[in-house]
Amino acid sequence: MDMHTVVVGTSGTTAQDVIAVARGNARVELSAAAVSALAAAREIVDALAAKPEPVYGVSTGFGALASRHIGPELRAQLQRNIVRSHAAGMGPRVEREVVRALMFLRLKTVASGHTGVRPEVARTMADVLNAGITPVVHEYGSLGCSGDLAPLSHCALTLMGEGDAEGPDGTVRPAGELLAAHGITPVELREKEGLALLNGTDGMLGMLVMALADLRSLYTSADITAALSLEALLGTDKVLAPELHAIRPHPGQGASADNMLRVLAGSGLTGHHQDDAPRVQDAYSVRCAPQVNGAGRDTLAYAATVADRELASSVDNPVVLPDGRVESNGNFHGAPVAYVLDFLAIVAADLGSITERRTDRLLDKNRSHGLPPFLADDAGVDSGLMIAQYTQAALVSEMKRLAVPASADSIPSSAMQEDHVSMGWSAARKLRTAVDNLARIVAVELYAATRAVELRAAQGLTPAPASLAAIEALRAAGVEGPGPDRFLSPDLAAADAFVRAGKLVAAVEPVTGPLA
């Protein structure tokens, strides 16, 4: 386990902390202020529970059953039952990092002091995270409204010592056995607590935070591969001049253009228009790369603003207010998060689309300005990267299907009480697939563009120092270069791993300086 510790207070958390816990196994601790806030809010809930008047979530049923008053003798059973009945997810298991993000973000809201959960419940949540115990959560079960209900319920089952969970060794066992093995006492839920553990946007928010981190890296890598393709196609870097982008001052566009210009500095390839195929302008996929990549960057920035607001939020229903009121609300609705998850799927699909168009141009002898067909070692005897582009095109087609918004849909539930839902969990799940595919698409362009740059060097032209650094790092990482048999089996998986690990950016930055 990573010895880094994340302290959870009353005022939310940061994206960096989510990543540290979800992916870095950072330890979690509650601040003294959070413990005090938890205790104070619990006193309010206990006082309300002692009154004869029904209070939603404390002494009533839930959702469409909220009209029933529940007597004191049944309230503990009520809280257990809501967890058990709502743990109705189905389908494949959700990834460990997603479940850890979900649990941590629920703890973040609990620690705010607005949920009425006892301090010992919050401590148990932290203990489960710190023990490396991961509840088994399933793909389907959230409509993104009234919380990511089924996913959070499966996590709450683990706190109760029920259901299945994965231990730190990767073995799935009954949760009660895992808790006992780590000296953790299962919680016995009291008024309000079962509901408070289920009622949040934590799953979709965790996936948003991780997608943003991955996409930021991929957008920088995509700027680099776009520059490599421009260079290999003997395009002009004049379209990247800062003064051109200053007159259309979208921040992302300027950042992408600057990245590409830095990569191409010192290139002897740019601007070499072929005598037999003179060009006045490069194709849009080459010339407009900063505009497309940059628009995606600006969308990431907006999505990050939404994520930061949600990270600072306390999402529950009902909530305990500072003046002692316990009020119902609609803050659990996932619309703000669902929308940006869908926005990101759209821009990821468009980035994949323009990336594939440059790859296709590199492989077509009629448009590549002197490169061999399909970048083959011996065209006709072997097919070069022909089918690598097919694979890339298939991924792009899938990306376009994944870009169809989930948040435009709504299926009423809970006997029409929950009659408009966000589908934010579904938006998050498809975005994870889109991000995964985008890394592969960028990797194919990297593989083709570096091959093309090497062929230009063999023609006597001088690539940019950053391009040579990228090629050298690829080879050092085991991504094999061209040879008589190489393109019978293109090394795309290794190129994909190279991109995902951020090695492309790391390879060129010593030459270019820090990239956006």
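- Between V444 and T391, the closest side-chain pair of non-hydrogen atoms is not below 4.5 Å.
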Self-check item: Steps toward side chain to side chain contact (heavy atoms under 4.5 Å, CB included) verdict (D148, M204)
Solution: CA-CA 8 Å; D148 288 320; M204 65 182 89; 3.4 Å; yes
Quiz prompt | Verdict with reasoning, K238 to L244, per side chain to side chain contact (heavy atoms under 4.5 Å, CB included) | solution = CA-CA 9 Å; K238 291 182 179 179; L244 292 175; 5.9 Å; no
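- At least one donor-acceptor pair under 3.5 Å links the side chain of R475 to the backbone N or O of V479.
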Practice problem: Step by step, work out the side chain to side chain contact (heavy atoms under 4.5 Å, CB included) result for R297 and D223. | Solution: CA-CA 11 Å; R297 284 177 172 274; D223 288 342; 2.8 Å; yes
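- The shortest heavy-atom contact between G89 and H154 is N-NE2, 3.1 Å.
- Interatomic distance, NE2 of H420 versus OG of S413, reported as 11.5 Å (0.5 Å rounding).
- The 12-atom threshold is not exceeded at OH of Y339, counting heavy atoms of other residues, nucleotides or ligands nearer than 6.0 Å.
- Looking only at side-chain heavy atoms (C-beta outward), L102 and P151 come within less than 4.5 Å of each other.
- Of the possible polar contacts, none joining the D364 side chain to the D360 backbone as a donor-acceptor pair under 3.5 Å is found.
- Counting only distance, with no hydrogens or angles, the side chain of T450 and the backbone of Y447 share a donor-acceptor pair below 3.5 Å.
- Side-chain contact of R401 with S397: a donor-acceptor pair under 3.5 Å is present, judged by distance alone.
- Within the model, atoms CG of L197 and OG1 of T158 stand 11.5 Å from one another, a figure rounded to the nearest 0.5 Å.
- The closest side-chain donor-acceptor pair between R262 and N259, if any, does not fall under 3.5 angstrom.
- Taking CG of L438 as the reference point, atom OG1 of T433 lies at 12.5 Å (rounded to 0.5 Å).
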Practice problem: Would you check, one step at a time, whether the test side chain to side chain contact (heavy atoms under 4.5 Å, CB included) holds for R361 with L233? | Solution: CA-CA 8 Å; R361 187 166 289 271; L233 291 167; 3.8 Å; yes
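- Checked by atom type and distance alone, the side chain of T13 never pairs as donor or acceptor with a backbone atom of L311 at under 3.5 Å.
- The minimum heavy-atom distance linking R456 with S368 is given by the pair NH2-O, 2.8 Å.
- Heavy-atom neighbours of E472 CD from other residues, nucleotides or ligands within 6.0 Å: at or below the threshold of 12.
- Side-chain atoms of V94 and R429, non-hydrogen and from C-beta on, do get closer than 4.5 Å to each other.
- Among all heavy-atom pairs drawn from L371 and L362, the shortest one is CD1-O, 4.0 Å.
- In this structure, L218 and V435 have side chains that are in contact, with non-hydrogen atoms separated by less than 4.5 Å.
- Put simply, the side chain of S229 does not reach to within 4.5 Å of the side chain of V286, judged on heavy atoms.
- A donor-acceptor contact shorter than 3.5 Å links the side chain of D342 to the backbone of S407.
- A donor-acceptor distance shorter than 3.5 angstrom exists from the side chain of T14 to the backbone of D17, with no hydrogens or angles considered.
- For the pair Y219 (side chain) and N293 (backbone), a donor-acceptor distance under 3.5 Å is absent.
- With a 4.5 Å cut-off on side-chain heavy atoms, E166 and T171 do not count as touching.
- Contact of the Q392 side chain with the R440 side chain is not registered, since no non-hydrogen atoms from C-beta on lie closer than 4.5 Å.
- For the residue pair A335 and S422, the shortest heavy atom distance occurs at N-CB, 3.6 Å.
- Considering every non-hydrogen atom in both A213 and I19, the closest pair reads CB-CD1, 4.2 Å.
- Taking CG of D419 as the start and CD1 of I411 as the end, the distance is 13.0 Å to the nearest 0.5 Å.
- No side-chain heavy atom of I224 sits under 4.5 Å from any side-chain heavy atom of V442.
- Of the inter-residue distances, the one linking L264 atom CG with L269 atom CG reads 9.5 Å to the nearest 0.5 angstrom.
- The distance from the OG1 atom of T134 to the CE atom of M103 is 5.5 Å, given to the nearest 0.5 Å.
- Screening D237, L515, L230 for a side chain to side chain contact (heavy atoms under 4.5 Å, CB included) involving M260 leaves a single residue, L230.
- Not one N or O on the side chain of K503 forms a donor-acceptor pair closer than 3.5 Å with the backbone of F498.
- At distances below 3.5 Å, not a single donor-acceptor pair connects side-chain atoms of R100 with backbone N or O atoms of R23.
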Practice problem: Step by step, work out the salt bridge (charged side-chain N to carboxylate O under 4.0 Å, His left out) result for D436 and R432. | Solution: CA-CA 6 Å; D436 203 36; R432 280 185 70 84; over 6 Å; no
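- Between P242 and L261, the closest heavy-atom pair is CD-CD2, 4.1 Å.
- For K108 (side chain) and S313 (main-chain N/O), a donor-acceptor pair under 3.5 Å exists by modelled atom type.
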